[in-house]
Amino acid sequence: MVHRFHRIAGIAVLTVVAVLPLVDPAPAVAADAVPVARTAVAGPSPSSGPRLVFRGDGQQPVEQGDEFRITVLDMPAGWDEVSVASPALVEPVRLVPRSEGATESDPDRYQAGATVRMDVDPGTYSLVATSHGRVVTSAELKVSPYGPARIGRFGVWQEETVLGDPVRPGSRVNVLLGDAHPLPGEDVLVAKSPAFTRDVKIRRDGPEDPACKCDDGSILFTGHTTLRDDLPVGTYPLTVASHDGRETHTTRITVAGEPVTPSRSWALWGAPAVLAVLCGAGIALRLRLRLRRKNAGPA
């Protein structure tokens, strides 16, 4: 029995030994894989090559007609110029090194400024950068519709008053509208009010600009007109349509006080001047008749 036990135990041991090699290789493989994965994570990432950098970098849309600057980075040594073109841009952008041997362009140069076309449809467009006819990199530009006006100041004023002060019937007033986001190329707007004797055209940077613009970054549209002299005391709407008529801006004109007295220059000088002209014409006519009779001689 003992001998049989040893033989069975020996077989059992041999069986165990024979099975162990089948289990051990798995941990060995896993242990070898860990350092490889760590080395890949910790090592430096490969260079991505040249790339374009601009406002939003394709994530933030740029409005129709808006301007932004473009920079190219990580260019190879010895590059001299890059041209960036897109159907969304008014014209290509020319980029040059910031300094001799630099790998990035100079973003402060005038040529680095890009302008989005006003007539391009909103959407995503490619910016393609080429150097001597070879494409070096590209990026996506998202174009959004031109945004709304940003009106800061709007109303009427006179030389002796400030914007929004009450004005008297019959007085001459200046109209002012300040827009921090005017439509590019829209230089003339029309201001309307039932208090006006007529509609008035207000112009971008017009001659009626106030001496103190109190600059808030807006573009000023100005013009002048005359208030009706029969206006009752009260407030009257003043409206201006901008952005190709898509937006209407409204404020109020406050009318108070007695009507402005019409100039008496006509009463004092106008009638006598007309009489003098008429008298002069009558005298000239009589002189011409006398000369004719004299030249004609006796009948």
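Values below: all heavy atoms of this structure, side chains included; hydrogens, waters and symmetry mates excluded.
- Between Thr226 and Phe196 the shortest side-chain heavy-atom distance does not fall below 4.5 Å.
- In this structure, Trp79 contributes its side chain and Val96 its backbone to no donor-acceptor pair below 3.5 Å.
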- [ ] Step by step, work out the side chain to side chain donor-acceptor pair (under 3.5 Å) result for Thr235 and Arg252.
- [x] CA-CA 6 Å; Thr235 60; Arg252 309 292 295 185; 3.3 Å; yes
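- Leu227 has its side chain within reach of Ser171: a pair of non-hydrogen atoms, C-beta onward, lies under 4.5 Å apart.
- Once rounded to the nearest 0.5 Å, the distance linking CZ of Arg228 with OG of Ser193 reads 9.0 Å.
- To the nearest 0.5 Å, atom CZ of residue Phe68 and atom CG of residue Asp66 are 8.5 Å apart.
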- [ ] List the steps, then state whether side chain to side chain donor-acceptor pair (under 3.5 Å) holds for Ser242 with His249.
- [x] CA-CA 8 Å; Ser242 71; His249 318 290; 2.7 Å; yes
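- Closest non-hydrogen pair, Pro237 versus Thr250, comes out as CB-CG2, 4.5 Å.
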Task: Worked verdict on Arg94 versus Ser83 for side chain to side chain contact (heavy atoms under 4.5 Å, CB included) - done: CA-CA 5 Å; Arg94 182 174 178 268; Ser83 177; 5.8 Å; no
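- A pairwise comparison of heavy atoms in Gly113 and Val93 identifies O-CG2, 3.9 Å as the closest pair.
- Closest heavy-atom contact between Val188 and Phe221: N-CE2, 4.4 Å.
- Between Leu183 and Asp244 the shortest side-chain heavy-atom distance falls below 4.5 Å.
- At distances below 3.5 Å, at least one donor-acceptor pair connects side-chain atoms of Ser86 with backbone N or O atoms of Ser126.
- A salt bridge does not link Arg69 to Asp108: none of the charged side-chain nitrogens sits closer than 4.0 Å to a carboxylate oxygen.
- For the pair Ser131 (side chain) and Glu81 (backbone), a donor-acceptor distance under 3.5 Å is present.
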- [ ] Under the side chain to side chain contact (heavy atoms under 4.5 Å, CB included) rule, what do Arg204 and Leu220 come out as? Steps first, then yes or no, please.
- [x] CA-CA 6 Å; Arg204 185 189 296 240; Leu220 300 185; over 6 Å; no
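- The same ILVMFWY cluster, assembled from side-chain heavy atoms under 4.5 Å apart, contains both Ile253 and Ile151.
- Put simply, Val90 and Val82 are part of two different groups of oily side chains (I, L, V, M, F, W, Y) that touch within less than 4.5 Å, one to the next.
- Between the Glu186 side chain and the His243 main chain, a donor and an acceptor come within less than 3.5 Å of each other.
- A distance of 5.0 Å separates CG in Leu189 from CD1 in Ile202, rounded to the nearest 0.5 Å.
- When side chains are defined from C-beta on, Arg55 does not count as touching Ile70, because their heavy atoms never get closer than 4.5 Å.
- Salt-bridge check for Asp74 with Arg51: passed, with a basic side-chain N closer than 4.0 Å to an acidic carboxylate O.
- Between Gln111 atom CD and Glu91 atom CD the span is 9.5 Å, to the nearest 0.5 Å.
- Two residues are said to be in side-chain contact when any heavy atoms from C-beta on lie closer than 4.5 Å; Val240 and Phe154 meet this criterion.
- Dense packing is recorded around CD of Glu160, with more than 12 heavy atoms of other residues, nucleotides or ligands lying under 6.0 Å away.
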- [ ] Using the side chain to side chain contact (heavy atoms under 4.5 Å, CB included) rule, take Leu141 and Val62 through it: C-alpha gap first, then chi angles, then the decisive distance, then the call.
- [x] CA-CA 8 Å; Leu141 172 69; Val62 180; 3.8 Å; yes
TODO: Apply the test side chain to side chain contact (heavy atoms under 4.5 Å, CB included) to residues Val167 and Thr254: give CA-CA distance (whole Å), side-chain angles for both, the deciding distance (0.1 Å), then the verdict.
DONE: CA-CA 6 Å; Val167 289; Thr254 301; over 6 Å; no
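- Residues Val175 and Leu177 form no side-chain contact, since every pair of their non-hydrogen atoms from C-beta on lies 4.5 Å or further apart.
- A donor-acceptor contact under 3.5 angstrom links the side chains of Asp80 and His132, judged on distance only.
- In this structure a side-chain-to-backbone donor-acceptor pair under 3.5 Å is present from Glu247 to Ala149.
- Nearest heavy atoms, Pro122 versus Gln64: CD-NE2, 3.6 Å.
- The pair Glu258-Arg168 does not meet the salt-bridge criterion, since no charged nitrogen lies less than 4.0 angstrom from a carboxylate oxygen.
- Counting heavy atoms from C-beta on, the side chains of Thr71 and Leu95 never come closer than 4.5 Å.
- Partners of His181 under the ring pair (Phe, Tyr, Trp, His ring centres under 6.0 Å) rule, at least two apart in sequence or in another chain, are Tyr146.
- The two residues Ala88 and Val143 have their closest heavy-atom pair at CB-CG2, 4.2 Å.
- Considering all non-hydrogen atoms of both residues, Ala129 and Val84 come closest at CB-CG2, 4.0 Å.
- One distance of note links OG1 of Thr225 with CG of Asn174; it measures 10.0 Å at 0.5 Å rounding.
- Counting heavy atoms from C-beta on, the side chains of Asp205 and Arg203 never come closer than 4.5 Å.
- Glu63 CD to Met118 CE: the interatomic distance, rounded to the nearest 0.5 Å, is 9.0 Å.
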